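The structure appears right after this line, and notes come after that.
Throughout, a chain's letter reflects where its sequence line sits, starting with A, and its residues are numbered from 1. Keep in mind it's a predicted model, so treat the numbers as computed, not measured. Below, each value reflects all heavy atoms present in this structure, side chains not excepted, and no hydrogens, waters or symmetry copies.
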Protein chains: 2
Amino acid sequence: MKKTMKPGPATKPTTSAPLEPKRRPTINDVARLANVSKKTVSRVINQSPFVNKDTRERIDAVIKELGYAPDPVARGLASRRSYLIGLIYDNPNPQHVIDTQQGILDIIRGSGLELVVHPCNRRDKDFLAGVRGFIDRQKLAGVILPSSVSEDEELVALLREADTPYVRIASVLLDSEENSIVTHDREGARQAAEHLAGLGHKVIAHVSGPDTFRSSHERRAGFVEGLKSAGLALDKKLDLRGGYTFQSGIEAGRRLMATVSRPTAVFCGNDEMAAGVCQAIRETGLDIGKDVSVVGFDDSPLASRMWPALTTVLLPIRASGRMASVRLLGDRLTKEPLEEDDQGEVHPRLVVRASSGPAPKG
Amino acid sequence: MKKTMKPGPATKPTTSAPLEPKRRPTINDVARLANVSKKTVSRVINQSPFVNKDTRERIDAVIKELGYAPDPVARGLASRRSYLIGLIYDNPNPQHVIDTQQGILDIIRGSGLELVVHPCNRRDKDFLAGVRGFIDRQKLAGVILPSSVSEDEELVALLREADTPYVRIASVLLDSEENSIVTHDREGARQAAEHLAGLGHKVIAHVSGPDTFRSSHERRAGFVEGLKSAGLALDKKLDLRGGYTFQSGIEAGRRLMATVSRPTAVFCGNDEMAAGVCQAIRETGLDIGKDVSVVGFDDSPLASRMWPALTTVLLPIRASGRMASVRLLGDRLTKEPLEEDDQGEVHPRLVVRASSGPAPKG
DNA sequence: TCCCTTATTGCTACCGGTGTCAACGCCTAA
DNA sequence: TTAGGCGTTGACACCGGTAGCAATAAGGGA
């Protein structure tokens, strides 16, 4: 409301008047008013135990009075570690990214840390160079690797070399526990299989994600486990590979619909592909949830907005983001994390909707 | 691959051997090797014109040889301005957020700037306090305000006060041109109306977003304009207000389907609501695209994955993110921005799919 | 030849914190 | 009385840059 945005010459007070341009208080101001050295103030803001109680209280009072907050940039410079958390991802699924961001922010909000996002493309040849630039330009306080990149060992090696703390979110334990959040995708897939078997389906197809993702294997494995516990097996001809994309789902769906022994149910590695399969089913004039049941994975917004709404496996992504942050930051956090955010693992849950129904008779 | 992640005491070399722990080169290293003062190096990296050509070349050579890159944290401290761009948003639409992020990153990638995200909730009472904390903790290089928050004048006032550059992305010009990207939502809505009128529809309903968003008004206004140009008018009883949510779309759809003069087409303020309206239509057993045509707005992923696929208005969000970044950073960018990213405005485009068809006869 | 201008460069003081280490006061044990 | 130990505190250098201004060299006109 005061002046222009342009970086031009600031309107300097012509007189050397006492009114200064509303500078933020610094550690020096606090030190002066509390009549201590700035080092002692530094101790207080860093919660050092070697400060006399009275002194601490006096300083705290001044801090509050001044509304002082330490400058993260200066702190970063002096301590060689910024107050930034990096989120590296390579994800076609926006909801997934947003949920992860949200989970991280749930935890770091109020602690003076900020979230810096760094999307990347693992197929780019200079992908690693990009990440390297990112992490050692900003000396990140830590990096969170959601499932889309957490399996990349080169990337992780890079972080280790750069001495940057990290947490990997993955379907299985890939690393030490303190560096990991495990999402147990397998369990969710098993539930899906049991659900379909319980509805009486015998001929059940699977459309998996790309082989390069661990999660594809986990989901298939869980699915097979679930079938097995119901006395069923996965027919190789009904085990198709997709690419986690809508288009690949359409293609897989068309192939399945053209099979001689057409399946009465299809379990897909994610919701995108499930939507594609649904489209293929529609093209043949069959009824989803009646003639053919479909189950997805992720519980993306799409799942609940489709018609019929998609039965799917909900993965608590936001919670995994929270956990990853707690793992990463631990004691640096101001407020004590909730116990539920300190588990280190997350469990999927089946959400039954209209796209899955009893197996058709005959 | 070298040592543990724990912040514990680093493995110091026991001997004061010549091998140092691979420190990043600093401006001092460059200065020493180029045999100049660090101020001159600083001039070179800041592209000051007051440097002799030979000197500059010598320094550039050393910089390249060392692989030197200035430390953004130190720079930030000294120049009181960080190398961080803030993205503040309050958006239920993940695709929108991701696209905006992507657009910003398209531009800042390689320039040493980073993107910090700050979601917020405008209904929280301490929303402004949160933002204030954010912007003056990190002295941001600039802030980008996508449509979900760009209309908040209090927020903008805050940024002005804090002398933080910003760019607002909005459906109309709300501010000076240099602080704005205009998305012209109105044009898109007009196209939608003309499309439906062209298909022979006479009774066309509208489900708008909340009144608190300028975009709701713009979209309705454009829609009315389009109808008018086709000799039609918007029946007040068929002009419903939603909340930009799926649920509100369902409710509006149900009400419309129960109207005496049931509309043969519905234009919705966004795709979420359009999906809701589709659901309501389905509940009544009517055919989407045949009995009732539906048009959305946004071209979210949902639109192309629904069945039938949704006719909608595509808003080039990513491009608007790019433009906003160019506006914001201008000369700070290393590479010259493409001309197309320097327009300051973006135009929506109708995408025709299966959810809109000829008006039913009779 | 001398002074002034212009082009280029370096000195020195910061920016706002943290790390190291010495110093100080007071209490206890010898 | 003195040495040692603990709890506290501050002086000072430093992190890696930028800012202001003086210093220096070269060129031009009187």
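- Distances shown here put every side-chain N or O of N28(B) at or beyond 4.0 Å from the OP1 or OP2 atom of dG17(D).
- Residues that satisfy the side-chain contact (heavy atoms from CB on, under 4.5 Å) test with A162(A), not counting sequence neighbours, are I135(A), T164(A).
- Within 4.0 Å of V41(A), counting heavy atoms only, lies no atom of the nucleic acid at all.
- In this structure, S79(B) does not reach the dT18(D) phosphate: none of its side-chain N or O atoms is under 4.0 Å from OP1 or OP2.
- Where A74(B) and F50(B) each meet DNA chain C at their nearest nucleotide, the meeting point lying more 5' is that of F50(B).
- Closest to the L77(B) side chain, of the nucleotides dG10(D), dG17(C), dG16(D), is dG16(D).
- Residue-level contact check: V73(A) touches neither bases nor backbone, having no heavy atom under 4.0 Å from any strand.
- Put simply, S42(B) has a side-chain N or O that comes within less than 4.0 Å of OP1 or OP2 on dT18(D).
- Ionic pairing of R168(B) and D175(B) is present here: one or more N-O contacts between side-chain nitrogen and carboxylate oxygen are shorter than 4.0 angstrom.
- A sub-4.0 Å separation between OP1 or OP2 of dG17(C) and a side-chain N or O of Y68(A) is present.
- Salt bridge annotation for R122(A)-D90(A): absent, with no cationic side-chain nitrogen under 4.0 angstrom from a carboxylate oxygen.
- For the pair T40(B) and dT9(C), the criterion of a side-chain N or O lying under 4.0 Å from OP1 or OP2 is not met.
- Residue side chain K38(A) does not reach the base of dG10(D) through any donor-acceptor N/O pair under 3.5 Å, judged by distance alone.
- Close to dT18(C), at under 4.0 Å from its OP1 or OP2, lies a side-chain N or O of R75(A).
- By the 4.0 Å N-to-carboxylate-O rule, K139(A) lies close enough to D71(B) to be salt-bridged with it.
- The side chain of N52(A) places no N or O atom within less than 4.0 Å of a non-bridging phosphate oxygen (OP1 or OP2) of dG7(D).
- One N or O donor and one acceptor, one from the side chain of K39(A) and one from the base of dG19(C), sit under 3.5 Å apart.
- Between P165(B) and A141(B), the shortest heavy-atom distance links the atoms CG-O, 3.5 Å.
- Between the NZ atom of K53(B) and the C1' atom of dT8(C) there is a distance of 16 Å, rounded to whole Å.
- Here dG17(D) presents its P atom at 17 Å from CG of D71(A), a figure rounded to the nearest Å.
- Between R43(B) and A78(B), the residue anchored closer to the 5' end of DNA chain D is A78(B), taking for each the nucleotide with the nearest heavy atom.
- Comparing dG17(C), dG17(D), dA11(D) against the side chain of S37(A) picks out dA11(D) as the nearest.
- In this structure, I45(A) places its CD1 atom 6 Å from P of dG17(C), rounding to the nearest Å.
- Residue I27(B) contributes atom CD1, which lies 12 Å from atom P of dG10(C) at whole-angstrom precision.
- One can place CG of L66(A) at 15 Å from C1' of dG16(C), the figure rounded to the nearest angstrom.
- Ion pair D60(A)/R56(A) not flagged as a salt bridge, since none of the NZ, NE, NH1 or NH2 atoms sits closer than 4.0 Å to an Asp/Glu carboxylate oxygen.
- Between T26(B) and the phosphate of dG16(D), there is no side-chain N or O to OP1/OP2 separation shorter than 4.0 Å.
- Rounded to an integer number of Å, the gap from K139(B) NZ to dG16(C) C1' is 7 Å.
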